[in-house]
Novice: 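Would you mind keeping the following structure in view while I ask a few things?
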Amino acid sequence: MSSLKRVWKFISSMKFAILLLAVLSLACAAGSFVTQGQTYEWYARQTSERTAALILALGLDDAFHSAWFLVITGFLCLNLLLCNVLRLPPLIRRTAAAGAPPRTLNAPFDARVDALSDPESLFGKLRMPAPKRSTDDMGREVLFASKHRAGLWGAWVCHLGILLLILGFALGQATREQYTVYGVPGDVRPIGDTGYMLVIDDFRIGLRADDTVEQYTADITVYDMNADGAPSRSATISVNNPATLYGMKFFQNSTGWAATVRVLKSGEEIQREVVCAGDYLTVKDNADLVVCLNAFYPDYVFTPGVGPSTASGKLDNPAYLYSVYYQERMLGMNALMEGEELTIDDYTVTFSDPQSYTLIQVKRDRFTWLALAGGLIVLAGLALALYAPTARVWAIRDANGAWTAFGACPKGGALFRERFQRAAQAKEDTTDASS
Amino acid sequence: MLRVENTLFTVVMLAYFAAMILYFVFIAVKKDGLAKAAMLLQAGGLLLHTAALVCRGVGAGRLPLTNQYEFATAFAWGLSLVSLVFVVRFRFPVLGAFAAPVVFLVIGYAAMQSREVRELMPALRSNWLGFHVSTAIIAYGAFGVSFVLGIIFLLRERMAAGGFLDHHIPGREKLDMIAYRSVSLGLLFLTFTILTGAIWAERAWGSYWSWDPKETWSLVTWIIYANYLHLRIRKGWAGRAAAIFAVAGFVCVLFTYVGVNTLLPGVHSYA
Ligand code: HEM
């Protein structure tokens, strides 16, 4: 065999598949042990500088998109594709052959009994379909039945499903668009650069009697700014109940606190905006001055050694954690209680009216259906491969009128042989009893 | 209802413990009648266990499959169910004797968890979650049984021929086939679990697969068992190598179940 042919044979072999699957599982395990998507500094802090350098060098910080992960997956796909293509013609032949009694006397079988008087009941006991009667080349009477021929296709269907699943996932990852929009009721926000606008009409937090959250619900309207007259569509979304508008899917993802920030200059209000926790506000007439609402605590407590936290979700003791920057240098960070003021030169800043904002995830993945179809096909293939073992039973009558029965069920192994013998035995026992 | 569940749970633990002891005595004194008694006791325990889960569900007003305690007791239920089905179907009480300690360990783990009924956060209120977790229980139960079968297979190789155990344990080939049946059941249900989990994640978070450690480990487990199926087809690999894979696969199942929650970060950490 030429070496090229040997390589080809290896690439399409099941041996390679076993190797690839083993390597893939190790790769996934490795990726799961390293927190994904962090920086060198982060890894260095968590582990050591040497480990951090190693993580980055191996691409373990983004393992599931790394070159080596893609290469393994690529080889798996190639292997699967070749395996399925090459095995298709023999599979069709085998399926056709399994529907008829074997033509040769020395056809392979897994179980055999001789000297049966009533073979038909054996078919019944083995839960085979009613056998067909025919005559073979030597003029002998033959009974034959087969079942679960579709089972031969199980592995093939499963492999096809995996290919479609990987394809759907990869296409989805490559073309997916994803935006995050957040705000309080009344806010109008662009959805990335799609040309659509999202209006948050309302946002409600449903509480149970014990004050735990039952549901987050947002009413939204989306305007198509690409079209004349900006047509709009509305929907209500809540956790686990997304809505699809203009081909985009809207998810109620999470929530957080927002507060009204007022800026006064020499006692006069010059600015008033709702700012979500984590966001910055640039002072209107002084672009060098920036205020950040770092966090909001509805029921503020300060524990030495631990820091600020909230005792409950209720607005019993609201506090605003802020930081102030001048020309990108932090001037300070502190917590203000409700009604307290922050003074920077001429400016006075106040925080008030805490409210919940909603964070809405907007996604467009045109290939989710392909991945889902792949998954369902994998499931169907597995069910066929594992729960529909192809079985053939045939019986031949010799010149003396006695029958010899054969059973073939490669997937059934020892269990099939045992069942076959038991069925034949039971038959003979009843015959003995009645004679 | 929850008080009834509490009492039932204790009775179930005692029943499983007694069944385990009976199975052991059956092997020690070599009397087949004891095996039957142990199976009956296990079946009784399983029935009460089912009642306990129903009580918990009614008491909490939802599917009782959402926190560590609920999942652990349901896992023990799945293990007990699948092992009993295999014991009866393959007339294999020795399997019961080896599976009983595993069932007892899992229900013991459940007993150590907090039984408080807490309301669900919104993301967990989904029918898909119900399918996701119930299929996981059967999958885990089936993999637990393949693990036990793998151990029996490996022990059998060191056992003296002609003894009582040798007589009561099926031959190499049949044992391997029974393990194959349980892996098949597990893999089919694990596929259901992953699919329904992906559908649920898509609805709750807008992303059906995000390589969260728990997802990743369920995939690792899935790949290991898929590899088991391929190994078995190759000449000479069915049997010993397959048995080692079945044991390793269940170690991954346990890691996915407990290890990931405690050792690795991710969205599943509340589960
Ligand atoms: C994640 C990937 C894979 C999965 C889940 C998978 C699944 C399966 C299943 C369920 C079976 C049937 C086993 C049985 O009946 O006991 C099977 C058989 C088989 N697989 Fe795969 N497979 C995968 C990858 C591959 C690859 C990459 C190849 C490439 C050569 C391959 C080659 C085969 C072969 C040759 C069979 C035997 C078919 C038969 O018995 O008719 N598999 N596979």
Side-chain angles (χ1 to χ4, degrees), chain A residues 14-15 17-18 21-22 24-26 28-29 31-33 35-36 63-65 155 158 162 169 172-173 176 178 206 208 210 212-217 238-242 249-253 361-363 365 368 371-372 375-376 378-379 382-383 385-387 411-418, chain B residues 90 118-126 128-129 170-178 180-181 183-185 187-188 191-192 194-195 198-200 202-209 211-217 219-224 226-227 229-231 233-234 238 252 260 263-266:
Chain A
M14 193 163 86
K15 205 198 266 172
I18 292 175
L21 289 177
L24 191 66
S25 56
L26 287 177
C28 288
S32 78
F33 280 108
T35 306
Q36 299 287 290
F64 303 106
H65 304 101
C158 180
I162 291 165
F169 183 70
Q173 293 272 310
R176 169 175 79 151
Q178 178 163 228
R208 301 189 186 91
D210 63 354
T212 56
V213 176
E214 181 162 29
Q215 186 55 285
Y216 301 101
T217 309
S238 55
V239 179
N240 271 317
N241 298 296
K249 217 159 171 182
F250 293 80
F251 298 88
Q252 169 57 49
N253 186 285
Q361 201 116 64
V362 186
K363 303 222 173 180
D365 181 343
T368 304
L372 179 63
L376 293 175
V378 170
L379 197 60
L382 278 176
L386 306 176
Y387 280 89
K411 292 259 180 81
L415 294 176
F416 176 77
R417 275 203 301 281
E418 200 178 284
Chain B
F90 298 106
R118 252 174 298 158
E119 294 292 352
L120 294 187
M121 57 183 275
L124 292 181
R125 296 175 56 237
S126 158
W128 288 109
L129 176 69
R172 266 178 74 94
E173 208 196 332
K174 185 172 170 191
L175 201 52
D176 177 65
M177 272 308 294
I178 300 177
Y180 170 58
R181 296 318 307 152
V183 169
S184 299
L185 180 70
L187 189 65
L188 191 69
T191 312
F192 262 116
I194 296 179
L195 265 179
I199 293 174
W200 168 49
E202 209 272 339
R203 292 187 69 85
W205 290 288
S207 170
Y208 59 88
W209 193 266
W211 298 109
D212 151 77
K214 196 135 187 155
E215 285 172 2
T216 307
W217 272 90
L219 180 66
V220 170
T221 310
W222 191 79
I223 295 177
I224 286 184
N227 228 357
L229 292 181
H230 291 91
L231 272 182
I233 299 174
R234 290 182 64 80
C252 284
V260 172
L263 301 176
L264 309 171

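Letters A, B, ... mirror the listed sequences (proteins, then strands); counts begin at 1.
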Novice: Heavy-atom pairs under 4.5 Å with chain B: which of A:Leu415, A:Val239, A:Val213 has the most?
Specialist: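 Ranked by contacts with chain B, first place is A:Leu415.
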Novice: Heavy-atom pairs under 4.5 Å with chain B - which of A:Ser238, A:Ala63, A:Pro242 has more of them than the others?
Specialist: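 Maximum pair count with chain B is reached by A:Pro242.
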Novice: Sort A:Gln361 into side chain, backbone, both or neither according to what part of it lies under 4.5 angstrom from a heavy atom of chain B.
Specialist: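 Looking at A:Gln361, just its side chain touches chain B.
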Novice: Which heavy-atom pair separates A:Val378 from A:Cys158 by the least distance, and what is that distance?
Specialist: CG2-O, 3.8 Å
Novice: Heavy atoms only, distances under 4.5 angstrom: which of A:Gln36, A:Glu214, A:Gln173, A:Lys249 has the most pairs with chain B? Name it, please.
Specialist: A:Glu214
Novice: On a heavy-atom basis, which atom in A:Gly375 and which in B:Leu195 lie closest, and how many Å separate them?
Specialist: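 Where A:Gly375 meets B:Leu195 most closely, the heavy atoms are O-CD1, 3.5 Å.
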Novice: Under a 4.5 Å heavy-atom cut-off, does chain B meet the side chain of A:Asn241, its backbone, both or neither?
Specialist: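 A:Asn241 touches chain B through backbone and side-chain heavy atoms alike.
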Novice: For B:Trp211, does the CH2 atom have more than 12 heavy-atom neighbours from other residues, nucleotides or ligands under 6.0 Å away?
Specialist: yes
Novice: With a 4.5 angstrom heavy-atom cut-off, could you sort out which part of B:Leu188 is near chain A: side chain, backbone, both or neither?
Specialist: both
Novice: Given heavy-atom pairs under 4.5 angstrom as the criterion, report whether the side chain, backbone, both or neither of B:Leu231 touches chain A.
Specialist: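 Both backbone and side chain of B:Leu231 come within 4.5 Å of chain A.
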Novice: Does the ring of B:Tyr208 carry B:Arg203 above it, NZ/CZ under 6.0 angstrom from centre and within 45° of its axis?
Specialist: no
Novice: Relative to chain A, which segment of B:Phe192 carries a heavy atom at a distance below 4.5 Å: side chain, backbone, both, or neither?
Specialist: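 Contact with chain A involves both backbone and side-chain atoms of B:Phe192.
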Novice: Treating A:Arg417 as the side-chain partner and A:Gly412 as the backbone partner, does any N or O pair qualify as donor plus acceptor under 3.5 Å?
Specialist: no
Novice: Of the backbone (N, CA, C, O) and the side chain (C-beta and beyond), which part of A:Phe169 lies under 4.5 Å from a heavy atom of chain B, both, or neither?
Specialist: both
Novice: Need one label for A:Glu418: side chain, backbone, both or neither, based on atoms under 4.5 Å from any heavy atom in chain B.
Specialist: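 For A:Glu418, the contact with chain B is made by the side chain alone.
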Novice: Please classify the contact between B:Trp209 and chain A as side chain, backbone, both or neither, with a heavy-atom cut-off of under 4.5 Å.
Specialist: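 Both backbone and side chain.
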Novice: Taking side chain as everything from C-beta outward and backbone as N, CA, C, O, which of these in A:Asn253 sits under 4.5 Å from a heavy atom of chain B? Side chain, backbone, both or neither.
Specialist: side chain
Novice: Between A:Tyr387 and A:Leu382, does the side-chain contact (heavy atoms from CB on, under 4.5 Å) criterion hold? Intermediate values first, please.
Specialist: CA-CA 8 Å; A:Tyr387 280 89; A:Leu382 278 176; over 6 Å; no
Novice: Where does B:Leu185 contact chain A at under 4.5 Å (heavy atoms): side chain, backbone, both or neither?
Specialist: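 Both parts, heavy atoms under 4.5 Å.
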Novice: Using non-hydrogen atoms only, which part of A:Leu376 is less than 4.5 Å away from chain B: side chain, backbone, both, or neither?
Specialist: both
Novice: Could you tell me which portion of A:Ala22 (side chain, backbone, both or neither) has an atom closer than 4.5 angstrom to a non-hydrogen atom of chain B?
Specialist: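 The answer is both parts of A:Ala22.
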